[in-house]
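Read through the structure below, which is laid out as structure tokens, and then see the notes.
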Amino acid sequence: MLEHQKIVLRGVKENTKLFKKELEKSLQWLTLKEVNQLYNWLLNNFSDSHHNVIEEVFHKECDMVM
């Protein structure tokens with residue numbers, strides 16, 4: 001599932017709204033290990049263009065878990 005979500009996120013990288021929506025969906029479907037891998041992959045690949053979205057979605061998810 002992680003590899004599938006990477007493909008989806010690459011496909012919507014030009015649209016910030018869709019990128020955020022797909023990222024939020026990804027966190028619902030992935031295991032904790034996969035979420036950590038996805039976070040690192042996102043920072044390596046999209047930090048320049050979507051850093052704020054990545055941090056917002058991951059911090060929101062962390063707040064929901066606590």
Side-chain angles (χ1 to χ4, degrees):
M1 189 55 126
L2 176 59
E3 293 306 315
H4 171 74
Q5 288 310 112
K6 287 179 181 180
I7 292 167
V8 170
L9 289 166
R10 276 189 209 109
V12 297
K13 68 183 178 188
E14 300 299 324
N15 185 320
T16 302
K17 196 178 235 183
L18 277 177
F19 187 88
K20 181 179 179 184
K21 184 177 179 178
E22 290 300 332
L23 179 53
E24 289 171 337
K25 282 194 230 176
S26 298
L27 298 184
Q28 295 174 9
W29 298 331
L30 300 175
T31 66
L32 182 57
K33 181 180 177 180
E34 290 172 324
V35 168
N36 288 326
Q37 291 172 344
L38 179 63
Y39 180 73
N40 290 325
W41 178 81
L42 288 165
L43 290 180
N44 287 327
N45 291 278
F46 298 106
S47 189
D48 291 343
S49 57
H50 294 296
H51 184 77
N52 291 341
V53 171
I54 295 165
E55 293 302 322
E56 177 186 341
V57 170
F58 275 86
H59 285 136
K60 182 174 129 183
E61 184 66 22
C62 289
D63 289 343
M64 290 174 61
V65 171
M66 296 179 152

Would you please test Leu43 and His51 for side chain to side chain contact (heavy atoms under 4.5 Å, CB included) and show each step? CA-CA 7 Å; Leu43 290 180; His51 184 77; 4.1 Å; yes
Test side chain to side chain contact (heavy atoms under 4.5 Å, CB included) applied to Asn45 and His50, step by step: CA-CA 9 Å; Asn45 291 278; His50 294 296; over 6 Å; no
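Residues meeting the side-chain hydrogen bond (donor to acceptor under 3.5 Å, both in side chains) test with Ser49, sequence neighbours left out: none. A search for side-chain hydrogen bond (donor to acceptor under 3.5 Å, both in side chains) contacts involving Lys21 returns nothing, not counting sequence neighbours. Here Gln37 pairs with nothing under the side-chain hydrogen bond (donor to acceptor under 3.5 Å, both in side chains) rule; sequence neighbours left out. In this structure Lys13 satisfies the side-chain hydrogen bond (donor to acceptor under 3.5 Å, both in side chains) test with no other residue, sequence neighbours excluded. Residues passing the side chain to side chain contact (heavy atoms under 4.5 Å, CB included) test with Asn36, sequence neighbours excluded: Leu32. Every salt bridge (Lys or Arg N to Asp or Glu O under 4.0 Å) that Glu3 has, sequence neighbours left out, goes to Lys6.
Among pairs with a residue in residues 21-40, those fulfilling ring-ring contact (aromatic ring centres under 6.0 Å, His included) read Tyr39-Phe58, at least two apart in sequence or across chains. Residue pairs meeting the salt bridge (Lys or Arg N to Asp or Glu O under 4.0 Å) criterion with at least one member in residues 25-34, sequence neighbours excluded, are Glu22-Lys25.
Two different hydrophobic clusters hold Ile7 and Met1 under the rule that ILVMFWY side chains link at heavy-atom gaps under 4.5 Å.
In this structure, the side chains of Phe19 and Leu42 come closer than 4.5 Å at one or more pairs of heavy atoms. Side-chain contact between Val8 and His4: present, with at least one pair of heavy atoms (C-beta onward) separated by less than 4.5 Å. Looking at Asn52 and Thr16, their side chains never come closer than 4.5 Å, going by heavy atoms from C-beta outward. The shortest side-chain heavy-atom distance between Phe46 and Val53 does not fall under the 4.5 Å cut-off.
A distance of 12.0 Å separates CG in Leu23 from CG in Leu18, rounded to the nearest 0.5 Å.
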